[in-house]
Structure formats: C-alpha cells, structure tokens
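Before any comments, here is the structure.
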Amino acid sequence: MARQVRAEVTRASVLTAAADVFLRLGYANAGLNEIIEQSGVTKGALYFHFSSKEDLARGVIDEGQVRLAAEMATVSDGPAPALEALVALSYVAIEAAGSDPIVAAMLRLQHEIGDYKGTNGNLVATWLQGFEQLVARAVEEGDILVKDEVSAAALSTFLLGSWMGAYVVAGATDALNDLPRRMERVWYFMLPGLVDASKLEYFRQFASRRLLR
C-alpha cells in the first residue's frame with residue numbers, strides 16, 4: 001500500500017511539473033529533462049509512468065479532462081435551465097483553466113498535438129455529446145428556437161466550435177486574460193439567432209452577470 005501511495009505521489013508530481021513546462025514552453029519546445037528537474041523525480045521514475053513526451057502530454061490531457069469534467073458536471077447536472085447551463089459551461093471551462101494549470105495545459109496540448117485525444121479517446125466527441133443533450137433539453141424547454149433544417153447536433157457543433165475558436169484565437173494572440181470578456185461577446189452575438197426576442201435581453205444579461213463573477 002505504501003509503495004502504491006508513493007507511486008501515485010510521484011505520478012502527480014510529474015504531471016504537475018509537466019503541465020507547468022508545457023504551459024510555459026509549448027509541446028514542441030518542452031523537454032523531459034526540464035520536467036524531471038522541476039518534478040524532483042528520477043528519470044527512471046518518470047519513465048516508469050510515461051514512456052515518452054507524447055505519452056506524458058496525453059497523461060496531462062487525461063488528468064485535465066477529469067478535472068474539467070468534474071467542474072462542468074456541477075453545472076450540467078444541476079437544476080438550471082439548459083440554456084443557462086450552456087452559457088455557464090463556457091465560463092466554467094475558462095475559470096477552471098485560470099485556476100488549475102493542468103486544465104490549462106490540457107486545453108493547450110490537445111490543440112498543439114493536433115488530434116484532441118488523451119489516452120481515453122477524442123475529447124471533443126465527448127464534449128459534443130454533452131452539448132447535444134443540453135441543446136436538446138433547451139429546445140424542449142422552449143428557450144432555444146431551432147428551425148426545421150437545423151438539428152440539435154448541428155447546433156451543438158456550432159456552439160462548441162464557437163467556444164473552442166474563442167480559446168484558440170485568444171491563445172494565439174496572447175490574450176487569454178481577455179477570454180472571459182470575449183466569451184461574453186460570443187454569446188452577445190449568438191443569442192439573437194437562438195432565442196425568441198422576448199428572452200434575448202434576459203439571456204444577454206445572464207451571460208454578462210456570469211462574466212462579472
């Protein structure tokens with residue numbers, strides 16, 4: 001049992017150090033030697049848990065996804081109307097990335113590696129399933145108006161793409177600190193195409209209040 005605990009502590013130390021290095025240097029420029037030095041473990045200990053830099057990066061992605069999923073579940077599984085949950089989720093991801101380096105590294109790495117995969121499959125496909133469920137519920141609740149030719153799946157893809165696009169552009173322009181405001185603008189411009197005019201001001205204010213939290 002003590003050996004297992006030590007192994008878990010070592011793995012956590014490596015993931016924490018790797019997240020910091022990947023965030024500072026990016027995947028291409030990060031080196032295992034720097035991660036080893038920062039984590040305070042031996043090379044053998046690192047390779048016991050991770051066979052390569054790519055394997056380590058995907059380990060960070062896995063851990064970041066677990067943490068982000070836990071944060072998002074508090075919103076998506078709650079009693080709030082589905083459209084409010086969709087708006088809130090876009091901010092939850094930003095807030096989690098701002099407070100947890102492993103989540104932030106996960107969001108960066110999945111883009112830099114390019115296939116958006118950890119070791120447990122495609123993250124975007126997983127997120128998309130959750131978005132589709134919320135969009136379908138928001139349609140049933142009467143908050144999202146969907147035209148006959150637009151499916152909930154297509155709308156979910158658009159919404160998730162808008163969120164991910166805002167993150168990528170903010171990262172590419174060194175403006176991640178401005179991402180909450182940019183997300184509020186995303187909702188400001190999207191909501192007129194989603195909701196009835198009588199509900200537009202309410203949901204725009206909801207997005208703005210979430211920004212100010």
Side-chain angles (χ1 to χ4, degrees), residues 3-74 76 89-131 157 160-180 182-183:
R3 180 178 298 177
Q4 180 180 349
V5 171
R6 286 197 301 272
E8 291 174 353
V9 170
T10 298
R11 189 177 189 277
S13 297
V14 172
L15 287 174
T16 299
D20 179 72
V21 174
F22 285 134
L23 274 176
R24 286 191 291 107
L25 303 179
Y27 178 74
N29 295 322
L32 286 178
N33 287 337
E34 182 169 357
I35 293 171
I36 290 169
E37 181 178 351
Q38 185 162 324
S39 65
V41 306
T42 65
K43 182 179 292 188
L46 183 145
Y47 279 109
F48 175 80
H49 293 282
F50 305 100
S51 61
S52 64
K53 184 172 79 169
E54 179 180 338
D55 188 38
L56 175 54
R58 294 192 189 279
V60 172
I61 290 173
D62 285 345
E63 180 62 22
Q65 168 65 0
V66 168
R67 297 184 183 195
L68 179 57
E71 293 292 329
M72 296 178 82
T74 63
S76 61
L89 282 175
S90 63
Y91 291 99
V92 166
I94 296 170
E95 292 160 2
S99 62
D100 190 333
I102 290 184
V103 174
M106 178 269 288
L107 292 172
R108 177 171 182 170
L109 286 169
Q110 64 177 8
H111 174 67
E112 292 186 348
I113 292 176
D115 60 8
Y116 291 85
K117 292 181 180 179
T119 59
N120 298 316
N122 189 297
L123 301 183
V124 176
T126 300
W127 295 339
L128 195 55
Q129 290 177 356
F131 267 60
T157 300
L160 182 57
S162 299
W163 171 71
M164 294 184 69
Y167 183 88
V168 170
V169 172
T173 56
D174 197 25
L176 287 175
N177 288 339
D178 192 44
L179 189 53
R182 293 188 180 194
M183 189 59 66

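For reference, positions follow the sequence shown, starting with 1.
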Looking only at non-hydrogen atoms, find the nearest pair between [X] and [Y] and report the distance.
X: V41; Y: I36; answer: O-CG2, 3.1 Å
X: A166; Y: L179; answer: O-CD1, 3.5 Å
X: P101; Y: A19; answer: O-CB, 3.9 Å
X: A97; Y: L107; answer: CB-CD1, 3.8 Å
X: Y167; Y: A104; answer: OH-O, 3.8 Å
X: V14; Y: S39; answer: CA-CB, 4.0 Å

Carefully, step by step, assess R58 and L109 under the rule side chain to side chain contact (heavy atoms under 4.5 Å, CB included). CA-CA 8 Å; R58 294 192 189 279; L109 286 169; over 6 Å; no

Distance check, rounded to the nearest 0.5 Å: [X] atom [atom1] versus [Y] atom [atom2]?
X: Y27; Y: Q110; atom1: OH; atom2: CD; result: 14.5 Å
X: L89; Y: M183; atom1: CG; atom2: CE; result: 11.0 Å
X: I102; Y: L68; atom1: CD1; atom2: CG; result: 12.5 Å
X: D20; Y: Q38; atom1: CG; atom2: CD; result: 4.5 Å
X: R11; Y: F48; atom1: CZ; atom2: CZ; result: 11.0 Å
X: I35; Y: F50; atom1: CD1; atom2: CZ; result: 10.0 Å

If you count every heavy atom of other residues, nucleotides or ligands that lies below 6.0 Å from H49 atom NE2, does the total exceed 12? yes

Sidechain N-carboxylate O distance under 4.0 Å for E71, R67: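 Answer for the salt bridge query: no.
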
Side-chain heavy atoms of [X] within contact of [Y], under 4.5 Å:
X: M106; Y: D62; result: no
X: F22; Y: K53; result: yes
X: T42; Y: Y47; result: no

Just to verify, what does A175 make a side-chain contact (heavy atoms from CB on, under 4.5 Å) with, not counting sequence neighbours? T173, D178, R182

